[in-house]
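All remarks here apply to the structure that follows.
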Protein chains: 2
Amino acid sequence: MSTATKRMNKSDLKLIAVLERTGGFASAQELHQILRREGDGIGLTTVYRALQSLVDDKIVDLLRREDGEAIYRLCGDNHHHHLVCKSCGDTVEIEGGAIEKWAKTMAEEFGFREVGHTAEIFGICSKC
Amino acid sequence: MSTATKRMNKSDLKLIAVLERTGGFASAQELHQILRREGDGIGLTTVYRALQSLVDDKIVDLLRREDGEAIYRLCGDNHHHHLVCKSCGDTVEIEGGAIEKWAKTMAEEFGFREVGHTAEIFGICSKC
DNA sequence: CACAAAAATGGAAATGATTATCATTTTCAT
DNA sequence: ATGAAAATGATAATCATTTCCATTTTTGTG
Ligand SMILES: [Zn+2]
Ligand SMILES: [Zn+2]
Ligand SMILES: [Zn+2]
Ligand SMILES: [Zn+2]
């Protein structure tokens, strides 16, 4: 059996730990700030490098915020979607069962692989 | 009959024309270069402004390249979603029947009104 | 342990897209 | 014509991400 040697340096592990702890998505800048706040003097460059390497190894997912900023999350995290109020900003986390199925079906139909998706709902909440 | 007042200035029309002519997606920088090459001295600022306005008016779609750069494309009037190849950028317009239902259901369940949604699927296409 | 080679690190500068400013020009209604 | 409002575009400012490069840490070997 060939061993898929994972080289995982200290920084990689740190980033994984933070991502586990925070859950969900975070940008490189945010992750860097969190680590700094916790007393870790890790450099921004290293954060970017570690994230890049984790993405290459398919350990974290890379998506984009609406403004184009890269955001990362641990692969395999059960993700959820959001229902956001355009007026007060209140947000509800919702399951996306139907979406997951839809994305998968569509991707298959058109022969896409390594598929991901984004989906958000926005409107005016009952309080507004 | 209510008048759907569309204010459409010269620059907006230029951008629409270029997008029609080129078809597919293009970034602001690319669109600017194309116009320049054709002898139009339009400024980059104006290109960004026009595109932003067209996006607001739902006349063009805004997506993201893999590197986060914004790309624009004329959008058909009927609401649809996209299946985008992360590698070559090829895009398939798809119907979102399941999504529409999901968004509506979720919104109702949580008492939201004036609801909209976004949903995109991305992956690697069969050619890549 | 000693020591050199390789890997990792991080500060500073460079890059590149997008946005903010602001003075000037064009459009428009009276 | 004429003043107000909208549009324009050059320039500077932002801000995330990359590059560079010098320094530090880790690792393998005798
Ligand atoms: Zn609300
Ligand atoms: Zn989902
Ligand atoms: Zn492709
Ligand atoms: Zn839809």
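For the numbers below, each heavy atom of this structure counts, side chains included, while hydrogens, waters and symmetry mates do not. These numbers were taken from a predicted model, which means no experiment stands behind them. Just so it is clear: chains get the letters A, B, ... in the order the sequence lines come, proteins before strands, and each one is counted from 1.
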Is there side-chain contact between B:Arg73 and B:His82, with heavy atoms separated by less than 4.5 Å? yes
Tell me which of B:Thr46 and A:Arg64 sits closer to the 5' end of DNA chain D, going by the nucleotide each one is nearest to. B:Thr46
Across the strands shown, which category fits A:Gln29 at heavy-atom distances under 4.0 angstrom: base, sugar-phosphate, nothing? base
Just to confirm, is there a sub-4.0 Å distance from OP1 or OP2 of C:dA8 to any side-chain nitrogen or oxygen of A:Ser11? no
D:dT8 phosphate, OP1 or OP2: any side-chain N/O from B:Asn9 under 4.0 angstrom? yes
Closest nucleotide among C:dT9, C:dA17, D:dT8 to the A:Lys10 side chain: C:dT9
When only distance counts, do a donor and an acceptor, one from the side chain of B:Thr45 and one from the base of D:dA10, lie under 3.5 Å apart? yes
d(NE2, A:His32; C1', D:dC15) in whole Å: 15 Å
Base, sugar-phosphate, or nothing: which does A:Gly41 touch, judged by heavy atoms less than 4.0 Å apart? sugar-phosphate
Pairwise side-chain contact, A:His117 with A:Ile99, heavy-atom cut-off 4.5 Å (strictly under): yes
Think A:Tyr48 has a side-chain N or O under 4.0 angstrom from the OP1 or OP2 of D:dT17? yes
Separation of atom CD in A:Glu66 from atom P in D:dA16, rounded to whole Å: 16 Å
Can you classify the ring geometry of A:Trp102 versus B:His81 as parallel (below 30°), tilted (30 to 60°) or perpendicular (above 60°)? perpendicular
What is the distance, rounded to the nearest whole Å, between atom NZ of A:Lys14 and atom C1' of C:dT9? 10 Å
What is the distance from CG of A:Leu13 to C1' of D:dT26, rounded to the nearest Å? 15 Å
Nearest atoms (heavy-atom pairs only) where A:Val60 meets A:Cys75: C-SG, 3.7 Å
Compare the minimum distances between each of C:dG10, D:dG9, D:dA10 and the side chain of A:Arg49, then state the nucleotide with the smallest one. C:dG10
Whole angstroms only, please: what is the CD1-P distance between A:Ile71 and D:dA16? 14 Å
May I ask you to test the A:Arg64-B:Phe122 pair for a side-chain heavy-atom distance under 4.5 Å? no
B:Leu62 has an atom CG; how far is it from atom C1' of C:dT18, in whole Å? 12 Å
To the nearest Å, how far apart are B:Leu44 CG and C:dT18 P? 9 Å
B:Ile42 has an atom CD1; how far is it from atom P of D:dT8, in whole Å? 7 Å
